[in-house]
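Following: one structure in structure tokens, then a few remarks.
Atoms considered below: every heavy atom in the structure, side chains included; atoms not considered: hydrogens, waters and symmetry mates. Throughout, numbering of the chain's residues begins at 1 and tracks the sequence.
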Amino acid sequence: MTGPMRLALPLSVLLMLTATSSGREPRAVLGERPEMHATPVPLDASDPARRQVGALTWLGGLVLTSPDPAFGGFSAMRVAGDRFTLLSDGGNIVDFRMGPDLRPRDVRFADLPGPGTGAIKRHRDSESLTWDPGTGRAWVGFENRNAIWRYDSSLTHAERNVRPAAMHDWPIAGGPEAMVRLANGQFIVFSETARPKGRRDARVVLRFAGDPTDTRRPPLAFAYVPPDGYDPTDVAELPDGRLLVLNRRLSIPALFTAKLSVIDVRGVPAGGIVRGAEIASFARPLLHDNFEALAVTREGADTIVWIASDDNREFWEQSLLLKFRLDLRGREPGQAKSPPPAKGTG
């Protein structure tokens, strides 16, 4: 074939089969003695002076490593001031402080209380994390259970959990991959692979009016169309109320590539469709890996974008933590569209 061949299996299924075929599955519980090393990396090894990728300006990046065999697999991230919390798909928490010098300190390892024992990844599969800056309370999406759990600010006490009826028929490996609590208190939850009926190019998105673990108010469903061949892996709210969506693809021979899109879901109706405006693409010769975690912060007047990768504890992947400044001037996101009228109407 002349071009890259898309892998026929979904990423999560492929990785599950890889682990099974090798007769192992990574131990998911971190040890009691936290040790983490951070090594600076360039955005483009072939051009170390490069600073621009689409609407992003490179501010620095790290490869994170540890001798602990359970380290890695980061699928979600929380950044509050100088405090970083990385959450793995096995329910591991790596917490540290880091200033503008990009040197982690005060590293802490912990285990997220949740479904299963946490001994192996499939007991958890924690893929998404969002939080309320006012209270510190956090919510975690568990993909292989199609469940959302609510935690206290320390992530040491689970307060409530639910398996929303609207997520009941989502694929076991395509559940709540991306989730964000908006400034107005609403929650937006993206399925990685669940498609609306008749739309193979789109993914199901749910909008909860409030806490998704409160089942008294069912969510509104609409659709997001990611870049062709990509799946959404995380989402964050921008200061102006738009959403930044991280999208990932696994293909041969490129392996993992990623694209960032901006969307505006304000006012999207039930059954509506939202297309994003692509603002950055990560492929050779730029750093590219299994990007799954996204966070947006502010430094003065600047909007800062953080991206982290899930290394799946494989030798050919890395745990990256990257920092960019965002400039969206002159770039407009795709708008929400209403569903077409039913036949015989309007």
Could you tell me how the ring of F142 sits relative to the ring of W149: parallel (under 30°), tilted (30 to 60°) or perpendicular (over 60°)?
perpendicular
For R97, what residues pass the salt bridge (Lys or Arg N to Asp or Glu O under 4.0 Å) criterion, not counting sequence neighbours?
D82
Donor-acceptor pairs under 3.5 angstrom involving side-chain atoms of residues 57-64: please list them, not counting sequence neighbours.
{"from": "T57", "atom 1": "OG1", "to": "Q52", "atom 2": "OE1", "distance (Å)": "3.1"}
{"from": "T57", "atom 1": "OG1", "to": "Q52", "atom 2": "NE2", "distance (Å)": "3.3"}

Checking R195 side chain against R200 main chain: does a donor-acceptor pair fall under 3.5 Å?
yes
Is the CZ atom of R298 crowded by more than 12 outside heavy atoms at less than 6.0 Å?
yes
Between the side chain of D95 and the main-chain N/O of I93, is any donor-acceptor distance below 3.5 Å?
no
Mark yes or no for whether D231, through its side chain, and T193, through its backbone, hold a donor-acceptor pair below 3.5 Å.
no
What are the two closest non-hydrogen atoms of L286 and S281, and how far apart are they?
CD1-O, 3.7 Å
Pairing residues for R217 by the salt bridge (Lys or Arg N to Asp or Glu O under 4.0 Å) criterion, not counting sequence neighbours:
none
Taking atom CD1 of I172 as the centre, does the number of heavy atoms from other residues, nucleotides or ligands within less than 6.0 Å exceed 12?
no
How would you list all residue pairs meeting side-chain hydrogen bond (donor to acceptor under 3.5 Å, both in side chains) that involve residues 175-187, not counting sequence neighbours?
Q186-R207
Contacts of F282 meeting ring-ring contact (aromatic ring centres under 6.0 Å, His included) (sequence neighbours excluded), chain-then-number -> F291, F324
Any side-chain donor-acceptor pair under 3.5 Å between T233 and E292?
no
Results of salt bridge (Lys or Arg N to Asp or Glu O under 4.0 Å) for R284 - residues two or more places apart only:
none
Is a side-chain donor or acceptor of T130 paired with a backbone partner of W139 at a separation under 3.5 angstrom?
no
How far apart are the closest heavy atoms of T156 and S154, and which atoms are they?
OG1-OG, 2.5 Å
Check whether any side-chain N or O of D101 sits under 3.5 Å from a backbone N or O of R103 as a donor-acceptor pair, and report yes or no.
yes
Could you tell me whether the side chain of S66 and the main chain of E35 form a donor-acceptor pair under 3.5 Å?
yes
Exam field: side chain N92 to backbone A70, donor-acceptor pair closer than 3.5 Å:
yes
